[in-house]
Amino acid sequence: MEGRQAVRELLLAGRRRVREVILASGMDAAPILEDIVDLADEQKVTIREVSRGRFESLARTDAPQGVIAFAAPLPELDIHDVLESPDGRPPFLLLLDGLTDPGNVGAILRSAECAGVTGVVFPRHRAARVTPTVTKAAAGAIEHLRLATVPGLPTALRVLHERGIWTVGLDMAGSTSLYDVQVADGGVALVLGSEGSGLSRLVAERCDVLAHIPMAGTLGSMNAASAAAVSLFEVARRR
């Protein structure tokens, strides 16, 4: 885990064991750094300060903000693990179909957590994984989201259909405006396609409805992370 916010949320959540926190030497004092040190002390996590050169050799992202943490892996979940919401409400799921840009994926996960998504589903192949870049861009969201991995999204969509979960595919060519989609009273899943080609054919065919975001400007498309944020909060508003 890299980045101040991501590491603080890792420690705050207490979801998995943290082995070590590494700080770059010579950083200016900041409240968030004090929080990280205090939380690590409370949990008896080793804190180590290293030279800038040594720190940079350990970092895996472009801007780790002087903080790195090593922790146990995230729990491995499958589609059945996210079908029930932790608070008893109908599930609000997000399925990512072939997104490959880790920065986009991290930003989408951050928006998903803020919008109240109860579970995120990744395909096992041809998609970005949860890497240090993803976790940093997500700013700690992965510590509060349940992340499931499935062999393929078409099969996962069939499972959702069998469980009565309404699936909304976001597609520029969708016949329905996102603002006109009737969100079911039960569970709902928003399905996002890849940055370039959008939803794959089989995934699009298995969605209950395909929706587009109406555009008022000259450009015909939005960044994937921005489109995700708009869509997630529209679904959340309707729920």
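Because the structure is a prediction, the values reported are computed rather than measured.
Side chain of Arg239 to main chain of Gly116: no donor-acceptor pair is present (N/O by atom type, distance under 3.5 Å, no hydrogens or angles). Panel note: side chain Gln65, backbone Arg4; a donor-acceptor pair is recorded below 3.5 Å. With Arg238 contributing its side chain and Ala236 its backbone, the two residues share no donor-acceptor pair below 3.5 Å. A donor-acceptor distance shorter than 3.5 angstrom exists from the side chain of Asp78 to the backbone of Asp81, with no hydrogens or angles considered. In this structure a side-chain-to-backbone donor-acceptor pair under 3.5 Å is missing from Thr149 to Phe122. Judged purely by atom type and a 3.5 angstrom limit, Arg206 uses its side chain to pair as donor or acceptor with the backbone of Pro154. No donor-acceptor pair closer than 3.5 Å links the side chain of Arg19 to the backbone N or O of Ala72. Remark: side-chain polar atoms of Thr133 are not paired, donor with acceptor, to backbone N or O of Thr61 under 3.5 angstrom. In this structure, Asp97 contributes its side chain and Val191 its backbone to no donor-acceptor pair below 3.5 Å.
No side-chain heavy atom of Val105 sits under 4.5 Å from any side-chain heavy atom of Arg129.
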What's the verdict on salt bridge (Lys or Arg N to Asp or Glu O under 4.0 Å) for Glu20 and Arg48, showing C-alpha distance, side-chain angles and the deciding distance? CA-CA 8 Å; Glu20 185 178 31; Arg48 187 156 55 99; 2.6 Å; yes

Given Thr118 and Leu93, is the side chain to side chain contact (heavy atoms under 4.5 Å, CB included) satisfied, shown in steps? CA-CA 6 Å; Thr118 59; Leu93 304 178; 3.9 Å; yes

Verify side chain to side chain contact (heavy atoms under 4.5 Å, CB included) between Leu11 and Glu143, making sure each step is shown before the conclusion. CA-CA 9 Å; Leu11 293 163; Glu143 304 305 324; over 6 Å; no

Test Met215 against Met172 for side chain to side chain contact (heavy atoms under 4.5 Å, CB included), laying out the working first. CA-CA 10 Å; Met215 302 287 177; Met172 289 171 55; 5.9 Å; no

In sequence, state the C-alpha distance, the side-chain angles, and the governing distance for Val150 and Val159, and then conclude on side chain to side chain contact (heavy atoms under 4.5 Å, CB included). CA-CA 11 Å; Val150 297; Val159 172; over 6 Å; no

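Within the model, atoms CD of Glu42 and CG of Leu12 stand 9.0 Å from one another, a figure rounded to the nearest 0.5 Å. Here the OG1-CD distance, from Thr135 to Glu2, works out to 7.0 Å after rounding to the nearest 0.5 Å. Note that the CD atom of Glu113 and the CG atom of Leu145 stand 5.5 Å from one another [nearest 0.5 Å]. Between atom CG of residue Asp171 and atom OG1 of residue Thr176 there is a gap of 11.0 Å, rounded to the nearest 0.5 Å. Distance CZ/Arg16 to CG/Leu10: 5.5 Å, rounded to 0.5 Å. For the atom pair Glu9 CD and Ile142 CD1, the distance stands at 10.5 Å (nearest 0.5 Å).
A single hydrophobic cluster is seen to contain both Val181 and Val230, as judged by linkage of ILVMFWY side chains at heavy-atom distances under 4.5 Å, directly or through other members. With hydrophobic clusters built from ILVMFWY side chains whose heavy atoms lie under 4.5 angstrom apart, Tyr179 shares a cluster with Val235. Under a hydrophobic clustering in which Ile, Leu, Val, Met, Phe, Trp and Tyr are joined whenever their side-chain heavy atoms come within less than 4.5 Å, directly or via other members, Ile79 and Leu190 fall into different clusters. One hydrophobic cluster, built from ILVMFWY side chains closer than 4.5 Å, cannot hold both Phe92 and Leu153; they sit in different ones. In this structure, Val120 is a member of the same hydrophobic cluster as Leu99, with clusters built from ILVMFWY side-chain heavy atoms closer than 4.5 Å.
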Pairs under 3.5 angstrom only: tabulate donor-acceptor contacts from the side chains of residues 23-39 to other protein residues two or more places apart or in another chain.
from, atom 1, to, atom 2, distance (Å)
Ser25, OG, Val50, O, 3.3
Asp35, OD2, Arg8, NH1, 2.9

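Looking at every heavy atom in both residues, Ser231 comes nearest to Leu170 through OG-CD2, 3.2 Å. Leu178 approaches Pro214 most closely through the heavy-atom pair N-CD, 4.4 Å. Among all heavy-atom pairs drawn from Ser85 and Arg146, the shortest one is CA-NH2, 3.8 Å. Listed here is the closest heavy atom pair of Phe55 and Val67: CZ-N, 3.2 Å. The two residues Leu95 and Ala189 come nearest to each other via the heavy atoms CD1-CB, 4.0 Å. Nearest approach of Leu109 to Ala138, heavy atoms of both residues: CB-CB, 4.2 Å.
Around atom NE2 of His212, more than 12 heavy atoms belonging to other residues, nucleotides or ligands sit under 6.0 Å away. Within a 6.0 Å sphere centred on CG of Asp87, heavy atoms belonging to other residues, nucleotides or ligands number more than 12. For CD of Glu76, the number of neighbouring non-hydrogen atoms (other residues, nucleotides, ligands) closer than 6.0 Å is 12 at most.
Phe233 shares a hydrophobic cluster with no other residue; no ILVMFWY side chain has heavy atoms under 4.5 Å from its own.
With respect to the salt-bridge test (charged N to carboxylate O, under 4.0 angstrom), the residues Arg163 and Glu84 qualify.
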